[in-house]
Amino acid sequence: MADTRLQIAGSVATVTIDRPPVNALTLASYLEITGVFETLGAREDVSCIVLTGAGDRAFCAGFDYRQFNSAGASEDDPRRPEVLRTMFETIRNCPLPVVAAVNGPAIGAGCVLAAVCDIRLAADTARFGLPEIDFGRIGGAAYLAPLVSPDCLRYMALTGLPLSAQLALRVGLVWDLVEPAALPAAAAALGAKLASKPRPALAAMKTALGQLAGRSIVDGYRFEQEQSVALRKLLEGGGR
């Protein structure tokens with residue numbers, strides 16, 4: 001794989017975005033990441049995925065606009081919005097829990113990459129930003145809307161200014177902060193904890209969580225109960 005590295009330890013897969021110097025992504029990167037998550041989601045020997053970035057300069061700096069400058073391609077290429085949406089939705093709808101280990105700035109599409117993961121751990125030097133407004137563009141806010149308050153979202157989208165890791169923790173965008181050197185071990189420990197759960201239960205819980213938005217409390221709990229009954233039958237039947 002050209003832009004990612006894959007490592008599997010036990011039942012935890014670690015996907016590392018590896019495009020020096022700041023892990024900015026191209027169309028090929030989007031397609032590659034989509035393929036990796038599709039493959040991992042179908043593997044029965046993997047129960048959790050950790051997504052992180054290589055090096056210490058960035059988790060992901062978003063789209064690599066140098067690709068167009070160097071190749072003479074058009075930024076209006078109609079493929080880009082579609083393949084970008086597909087990547088985000090593949091990660092968000094992956095049947096396995098996905099942990100973002102945010103080792104540095106997560107900017108633009110990189111911020112959205114972190115947002116579509118189930119749980120976000122971050123180095124205390126990380127930052128989260130949606131700078132599209134600075135370039136006369138719009139994008140990414142839809143994926144952050146369920147995670148932060150409307151005021152926080154408007155601040156990020158309208159100013160283009162990034163949140164510090166400490167502020168991201170305070171507003172609920174990340175679950176915990178650790179020192180940069182401790183992030184890989186913290187993410188691996190969380191991944192192992194998640195992977196220790198029954199794999200069908202993890203998938204059923206992700207399905208239930210994804211279906212709760214917009215439902216009333218009673219309807220949401222009814223849906224959880226229905227999923228729980230189906231899960232119990234699957235596990236009693238020896239399903240994995």
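Quick caveat, the model's predicted, so the values are computed rather than measured.
The hydrophobic cluster containing L113 also contains L84, counting ILVMFWY residues as joined when their side-chain heavy atoms lie under 4.5 angstrom apart, directly or transitively. Grouping the Ile, Leu, Val, Met, Phe, Trp and Tyr side chains by contacts below 4.5 angstrom, directly or via other members, places L147 with V98. There is no path of hydrophobic side-chain contacts, each under 4.5 Å, that joins L121 to L202. Both V83 and F88 are assigned to one and the same hydrophobic cluster, defined by single-linkage of ILVMFWY side chains at heavy-atom distances under 4.5 Å. Hydrophobic clustering (side-chain heavy atoms under 4.5 Å, transitive across Ile, Leu, Val, Met, Phe, Trp, Tyr) keeps I133 apart from Y143.
Taking each heavy atom of A165 and A123 in turn, the nearest pair found is CB-O, 3.5 Å. Closest non-hydrogen pair, P95 versus G41, comes out as CG-O, 3.5 Å. What you find for A109 and E132 is that their closest heavy atoms are N-OE2, 4.2 Å.
Side-chain atoms of N103 come within 3.5 Å of backbone N or O of G55 as a donor-acceptor pair. Side chain of T52 to main chain of A101: a donor-acceptor pair is present (N/O by atom type, distance under 3.5 Å, no hydrogens or angles). Side chain of S228 to backbone of Q225: no donor-acceptor contact under 3.5 angstrom is found. A donor-acceptor contact shorter than 3.5 Å is absent between the side chain of R43 and the backbone of T39. No side-chain donor-acceptor contact under 3.5 Å links D118 to the backbone of V99. Formation of a donor-acceptor pair under 3.5 Å by the Q7 side chain with backbone atoms of A13 is not found in this model. The closest donor-acceptor contact from the side chain of Q227 to the backbone of M205 lies at 3.5 Å or more, if one exists at all. Counting only distance, with no hydrogens or angles, the side chain of K206 and the backbone of C94 share a donor-acceptor pair below 3.5 Å.
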Go through it in stages, so that I can follow the logic: the residues are L6 and T14, the test is side-chain contact (heavy atoms from CB on, under 4.5 Å), and I'd like the CA-CA distance, side-chain angles, deciding distance and then a yes or no. CA-CA 6 Å; L6 174 63; T14 299; over 6 Å; no
Take N23 and F59 through the test side-chain contact (heavy atoms from CB on, under 4.5 Å) and record every step on the way to the result.
-> CA-CA 7 Å; N23 301 322; F59 169 72; over 6 Å; no
Report task. For T4 and E32, run side-chain hydrogen bond (donor to acceptor under 3.5 Å, both in side chains): C-alpha distance rounded to whole Å, both residues' side-chain angles, the deciding distance at 0.1 Å, then the answer. Result -> CA-CA 8 Å; T4 60; E32 183 175 315; 2.6 Å; yes
### Message
I'd like to know whether Q166 forms a side-chain contact (heavy atoms from CB on, under 4.5 Å) with D124, so could you lay out the CA-CA distance, the side-chain angles of the two residues, the decisive distance to 0.1 Å, and finally the verdict.
### Response
CA-CA 7 Å; Q166 293 72 23; D124 56 17; 3.7 Å; yes
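To the nearest 0.5 Å, atoms CG (L144) and SG (C152) are separated by 8.0 Å. The distance from atom CZ of R120 to atom CG of L51, rounded to the nearest 0.5 Å, is 11.5 Å. To the nearest 0.5 Å, atoms CG (L27) and CZ (F63) are separated by 5.0 Å. The distance from the CD atom of E224 to the CG atom of L212 is 5.0 Å, given to the nearest 0.5 Å. Distance CG/L169 to CZ/F128: 9.5 Å, rounded to 0.5 Å. L130 CG to C111 SG: the interatomic distance, rounded to the nearest 0.5 Å, is 4.5 Å.
Remark: R19 engages D3, D64 in a salt bridge (charged side-chain N to carboxylate O under 4.0 Å, His left out) (not counting sequence neighbours).
Using a 4.0 Å cut-off between charged nitrogen and carboxylate oxygen, D151 and R154 do not count as a salt-bridge pair. Salt bridge annotation for E89-R92: present, with a cationic side-chain nitrogen under 4.0 angstrom from a carboxylate oxygen.
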For residues 155-162, which side-chain donor-acceptor pairs fall under 3.5 Å, sequence neighbours excluded?
unit_1 : atom_1 : unit_2 : atom_2 : d
T159   : OG1    : Y155   : O      : 2.5
T159   : OG1    : L161   : N      : 3.0

Atom pairs and distances, donor-acceptor, side-chain atoms in residues 172-190, under 3.5 Å, two or more places apart:
none

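Within a 6.0 Å sphere centred on CZ of R215, heavy atoms belonging to other residues, nucleotides or ligands number more than 12. Counting heavy-atom neighbours within 6.0 Å of I138 CD1, excluding the residue itself, gives a total of 12 or less.
The shortest side-chain heavy-atom distance between L194 and P97 falls under the 4.5 Å cut-off. The closest side-chain heavy-atom distance from I107 to P131 is below 4.5 Å. Taking 4.5 Å as the limit, every side-chain heavy atom of V12 sits out of range of all side-chain heavy atoms of V46. Two residues are said to be in side-chain contact when any heavy atoms from C-beta on lie closer than 4.5 Å; T125 and D56 fail this criterion.
Partner of V15 under the side-chain contact (heavy atoms from CB on, under 4.5 Å) criterion, chosen from I8, I91, L40, I33: L40. The only option from L234, V229, L235 that meets the side-chain contact (heavy atoms from CB on, under 4.5 Å) definition with R232 turns out to be V229.
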